[in-house]
Trainee: 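Here you go, one structure.
These numbers come from the heavy atoms of this one structure, side chains and all, not from hydrogens, waters or symmetry mates. Numbering of ligands and ligand atoms starts at 1, following listing order.
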Amino acid sequence: MTTITKDTAARFNYTLKDDEGTIIDQSQGEPLAYLHGHNNIIPGLEKALEGKSAGEKISVSIEPADGYGEYQEQAVQTVPRSNFQGVEDIQPGMQFQSEADGQIMLVAVTEVNKDSITVDANHPLAGKNLNFEVEIVEVRAATEDELNHGHVHGAGGVQH
Ligand code: ZN
């Protein structure tokens, strides 16, 4: 039986909960497909799936360092409202793409004042423990195309 190792393609169903037991995310309808060893998924989950095979179920708790990183206070910034020209109605929770040092990142508005806007560039799951329940559905060798692209094609993967 094929086990998950570098360059295998695996599909799995998952439920992700925070430490309070609230569901943050889960696979919708069809399993998620990924290419093992290619940074398609967070490091902690990849580590937990290593060596597993189809039909296995695992529960794993992943700390922020192996998930979406620690929460960075310096990623929260207050900027002049004039930075948001052309945006009429700015509300907390809205997301914008921002470019800094040539890198595109997603920032979320956390506070809106008359002249300034506070935005947070942390990943929404930064600083959180991630509690996954995973059921592995399929494990197979990746195709040459998939290895060249660095992701899985077809159901649950990239369609192109
Ligand atoms: Zn591709």
Side-chain angles (χ1 to χ4, degrees), residues 1-19 21-72 74-77 83-84 86-87 91 93-110 119-160:
M1 184 179 272
T2 311
T3 57
I4 297 177
T5 53
K6 185 163 169 46
D7 298 343
T8 55
R11 295 201 299 146
F12 62 89
N13 290 310
Y14 69 96
T15 303
L16 170 59
K17 293 179 183 168
D18 63 18
D19 281 348
T22 306
I23 295 177
I24 302 170
D25 191 17
Q26 57 190 329
S27 41
Q28 306 284 349
E30 70 175 342
L32 183 77
Y34 84 103
L35 185 60
H36 193 80
H38 293 259
N39 302 316
N40 289 180
I41 59 174
I42 56 169
L45 192 54
E46 197 159 69
K47 242 179 268 176
L49 287 166
E50 175 90 30
K52 301 289 188 289
S53 50
E56 283 193 74
K57 290 182 184 173
I58 58 169
S59 292
V60 59
S61 187
I62 296 166
E63 294 188 351
D66 282 330
Y68 291 98
E70 303 291 349
Y71 189 84
Q72 313 269 342
Q74 65 268 32
V76 180
Q77 287 189 319
N83 284 18
F84 292 84
V87 187
Q91 300 286 345
M94 287 173 81
Q95 293 188 321
F96 292 91
Q97 279 191 350
S98 152
E99 195 179 335
D101 304 325
Q103 280 209 317
I104 304 273
M105 55 186 186
L106 203 59
V107 300
V109 173
T110 56
V119 294
D120 186 347
N122 284 291
H123 187 281
L125 298 178
K128 286 196 198 302
N129 289 326
L130 306 172
N131 304 295
F132 279 96
E133 279 164 45
V134 177
E135 180 188 13
I136 299 147
V137 175
E138 184 192 9
V139 184
R140 61 170 171 80
T143 65
E144 201 166 315
D145 256 9
E146 289 172 329
L147 292 174
N148 286 335
H149 287 201
H151 54 228
V152 171
H153 295 149
V158 179
Q159 319 272 354
H160 67 169

Trainee: When you check the space around the Zn ion (ligand 1), which protein N, O or S atoms turn up under 2.8 Å?
Mentor: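 Under 2.8 Å from the Zn ion (ligand 1) - ignoring waters, which are not counted - the protein N, O or S atoms are His149 ND1, His151 NE2, His153 NE2, His160 NE2.
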Trainee: Does the pair Ser61 and Asn129 meet the rule for a side-chain hydrogen bond (donor to acceptor under 3.5 Å, both in side chains), with working shown?
Mentor: CA-CA 7 Å; Ser61 187; Asn129 289 326; 5.6 Å; no
Trainee: Quick one: pull up CD in Glu135 and CZ in Arg11 and give me the separation to the nearest 0.5 Å.
Mentor: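 It comes to 11.5 Å.
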Trainee: Supply the atom-to-atom distance Glu99 CD to Met105 CE, rounded to the nearest 0.5 angstrom.
Mentor: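 Going from the CD atom of Glu99 to the CE atom of Met105 covers 10.0 Å.
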Trainee: Sequence neighbours left out, what passes ring pair (Phe, Tyr, Trp, His ring centres under 6.0 Å) with Phe84? Give chain and number order.
Mentor: Phe96
Trainee: I want to check something: taking the side chain as every heavy atom from C-beta on, are Asn122 and Tyr68 in contact at a cut-off of under 4.5 Å?
Mentor: no
Trainee: In a check of side-chain contact (heavy atoms from CB on, under 4.5 Å) between Val134 and each of Leu32, Leu16, Thr15, Leu45, which one passes?
Mentor: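 Passing option: Leu45.
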